[in-house]
Structure formats: structure tokens, C-alpha cells
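In what follows, a structure is listed as C-alpha cells, so that the remarks can point back to it.
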Amino acid sequence: MVKMEPITILIVDDHAIVRHGLCALFKIQPDCLVIGEADSGETAVRLAAELVPDVVLMDLLMPGIDGVETTKRVKQVSPRSQVIVLTSFHEDQHIFPAMRAGALSYVLKDIDPGQLVETVRRAVHGESMIHPRVAARVVQEIRVTKRADFNPFAELSERELEVLRLIAGGLSNAEIAAQLIISEKTVKGHVSNILSKLHMLDRTKAAVFAWEKGLMRPD
């Protein structure tokens, strides 16, 4: 039977008692091996480059460069290393910068030891673990972002958008045909497609929708 290589771990925390506690936890895990400790971001980056650990357990608030910047630099010098943020902070100003910097998981220091070990094991396979309180904020942010980025007219072609603007401007099919130099039959086809894609029953509702969603702007 082939023996599996242990999961190599770099612990980054400026508090010695935290590092020692984590070392003791992983020392009793047969599939885990702590290969380095860092008490600052600068040391963490150097060790990550030298040791190329499978997993980096990252504190956020440290002297010198903080955990967010350290995460970014660690991912630059050792892209294969998965960063797990292990912190006491669950506010937005900590969560989102850390995730954008490249952290795979974000867990709080009140996590059950067994869950932390499982988080490390999953990280090796690229599986993210996020503390429930943090996850709630991430989901909320995703929803807000989706609402902000959502384009209600994404399915319309450029020509259909042009026709919709003219509808919203109060033009009839005949007037639209004359302005765009196309047949009235073609205009009717575009209008039919617009109503279908926008799930609207008539052109009046489509016109109102165009104004409500910012396609039309007052002069």
C-alpha cells in the first residue's frame, strides 16, 4: 500500500500561543505536517517561497504587512498554496479584501478543532469552507452585486434596443420604419421579439419598462 504524503502546513500568526496551539492540534493528525511558522507577513512570504506548503493558515492582523497583503504575496510566490484565513474578525472590511487577495477559506478562531482540520483537508482539493456568519455576508454581497450588475436588456440585440428606444420615445411602427429605413413588417417582427424577450404583453409596458430601467434618460 502506497503511503500518502502528508498535508504540509505553514502557520502564520503573530501570537506564539496561537501558533503553538495549532502545532499541537496538527501534530496529532497522521495526515498533516506543520513545516513552518511565521510571526509576520514578511516571514510568511519568505517561508511560502522556500517551503511551498500545501496550506497556509493566515491571521489577518499582524505587525508589518497585514494578512490580506500577505495572502496576495503568498499566492504570487506559491500559487499552489491554499490560504485559509483564521481570524477573529467577521466584518466586511476584513472578509472581502481577504477573499479578493486569494484566500480559499475564511474561518473564525472559535471554530471547532475537528472542523479546522477538515477545512485544511478540503483545502488541498480546492474546496472552500466559510464560517456561517461570514457565509451570510458573502451571500448577501453576491446578491447585491448581481442586482447591481444585472442588465434587464441583455437578451436584446442592438437593433432591438434601437427599436425599443424609439417605442419608448412614442414612435409608431410606421415612424420607426421610416426612421430606420426598414419595412414596417420588419419593425413588427422586432417588436414581437422585444415583447417576448422582456416577457411583456404590449408595447406600452415595454416602453414604461425601458424608462424605469434607465434605457431612456430625460433630455
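These numbers come from the heavy atoms of this one structure, side chains and all, not from hydrogens, waters or symmetry mates.
In this structure, NZ in Lys213 is found 11.0 Å from CG in Leu198, a value given to the nearest 0.5 Å. Here the CG atom belonging to Leu47 is positioned 11.0 Å from the OG atom belonging to Ser81, to the nearest 0.5 angstrom. Atom CD in Glu69 sits 10.5 Å away from atom CE in Met62 (nearest 0.5 Å). Atom CD1 in Ile11 sits 6.0 Å away from atom CG in Leu57 (nearest 0.5 Å). To the nearest 0.5 Å, the span separating CE on Met58 from CG on Leu86 amounts to 11.0 Å. Rounding to the nearest 0.5 Å places CG of Asn173 at 7.0 Å from CD1 of Ile167.
The side-chain heavy atoms of Val56 and Gln82, taken from C-beta on, include no pair separated by under 4.5 Å. For the pair Ile130 and Ser128, the minimum side-chain heavy-atom distance is below 4.5 Å. Taking 4.5 Å as the limit, some side-chain heavy atom of Leu60 sits within range of a side-chain heavy atom of Tyr106. With contacts defined as side-chain heavy-atom distances shorter than 4.5 Å, the pair Pro97/Arg100 qualifies. Side-chain contact between Leu180 and Leu166: present, with at least one pair of heavy atoms (C-beta onward) separated by less than 4.5 Å.
Among all heavy-atom pairs drawn from Leu104 and Gly126, the shortest one is CD1-O, 3.8 Å. Of all the heavy atoms in Pro53 and Ile9, the pair that sits closest is CB-C, 4.3 Å. Closest approach of Leu51 to Gly36, counting heavy atoms only: CD1-CA, 4.2 Å. Closest non-hydrogen pair, Ala168 versus Ala207, comes out as CA-CB, 3.8 Å. Across every non-hydrogen atom of Ala44 and Leu10, the tightest pair is O-CD2, 3.7 Å. Heavy-atom minimum distance, Thr71 versus Gly102: CG2-C, 4.0 Å.
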### Message
Test side chain to side chain contact (heavy atoms under 4.5 Å, CB included) on Val18 and Asp59; report intermediate values, then the result.
### Response
CA-CA 10 Å; Val18 174; Asp59 188 22; over 6 Å; no
### Task
Check the pair Ser78 / Arg80 against side chain to side chain contact (heavy atoms under 4.5 Å, CB included), numbers first and verdict last.
CA-CA 6 Å; Ser78 181; Arg80 71 174 297 275; 4.0 Å; yes
### Task
Let me see the working for Arg19 and Asp14 under salt bridge (charged side-chain N to carboxylate O under 4.0 Å, His left out), right down to the final yes or no.
CA-CA 8 Å; Arg19 297 197 308 273; Asp14 61 323; over 6 Å; no
### Message
Could you walk me through whether Leu116 and Phe26 satisfy the side chain to side chain contact (heavy atoms under 4.5 Å, CB included) test, starting with their C-alpha distance in whole Å, then the side-chain angles of each, then the deciding distance to 0.1 Å, before giving a yes or no?
### Response
CA-CA 10 Å; Leu116 180 57; Phe26 288 104; 4.2 Å; yes
### Task
Check step by step if side chain to side chain contact (heavy atoms under 4.5 Å, CB included) holds for Glu162 and His190.
CA-CA 10 Å; Glu162 194 172 13; His190 286 315; over 6 Å; no
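A donor-acceptor pair is defined here as one N or O able to donate and one able to accept, closer than 3.5 Å; no such pair exists between the side chain of Thr43 and the backbone of Asp39. Checking side-chain atoms of Thr70 against main-chain N and O of Asp66 turns up a donor-acceptor pair under 3.5 Å.
Atom CD1 of Ile28 has more than 12 heavy atoms from other residues, nucleotides or ligands within 6.0 Å. Counting non-hydrogen atoms of other residues, nucleotides and ligands closer than 6.0 Å to CD of Glu155 gives a total of 12 or fewer. The neighbour count for Lys75 NZ, taken as heavy atoms of other residues, nucleotides or ligands under 6.0 Å away, is above 12. Atom NZ of Lys109 is surrounded by more than 12 heavy atoms from other residues, nucleotides or ligands within 6.0 Å.
Under the 4.0 Å criterion applied to side-chain N and carboxylate O atoms, Arg46 and Glu50 are assigned as salt-bridge partners.
Criterion: ILVMFWY side-chain heavy atoms under 4.5 Å apart, direct or through other members. Under it, Val74 and Ile84 are not part of a common hydrophobic cluster. When the side chains of ILVMFWY residues are joined at heavy-atom separations under 4.5 Å, either directly or via intervening members, Val68 and Val83 end up in two distinct hydrophobic clusters. Hydrophobic clustering keeps Ile176 apart from Val208 (ILVMFWY residues linked when any side-chain heavy atoms are closer than 4.5 Å, directly or through intermediates). Linking ILVMFWY residues whenever their side-chain heavy atoms come closer than 4.5 Å, directly or via other members, leaves Met129 and Leu108 in distinct clusters. With hydrophobic clusters built from ILVMFWY side chains whose heavy atoms lie under 4.5 angstrom apart, Ile111 shares a cluster with Leu22.
Considering only residues two or more places apart in sequence or on other chains, Arg121 meets the side-chain contact (heavy atoms from CB on, under 4.5 Å) condition with Ile7, Gln29, Asp31, Val117, Glu118.
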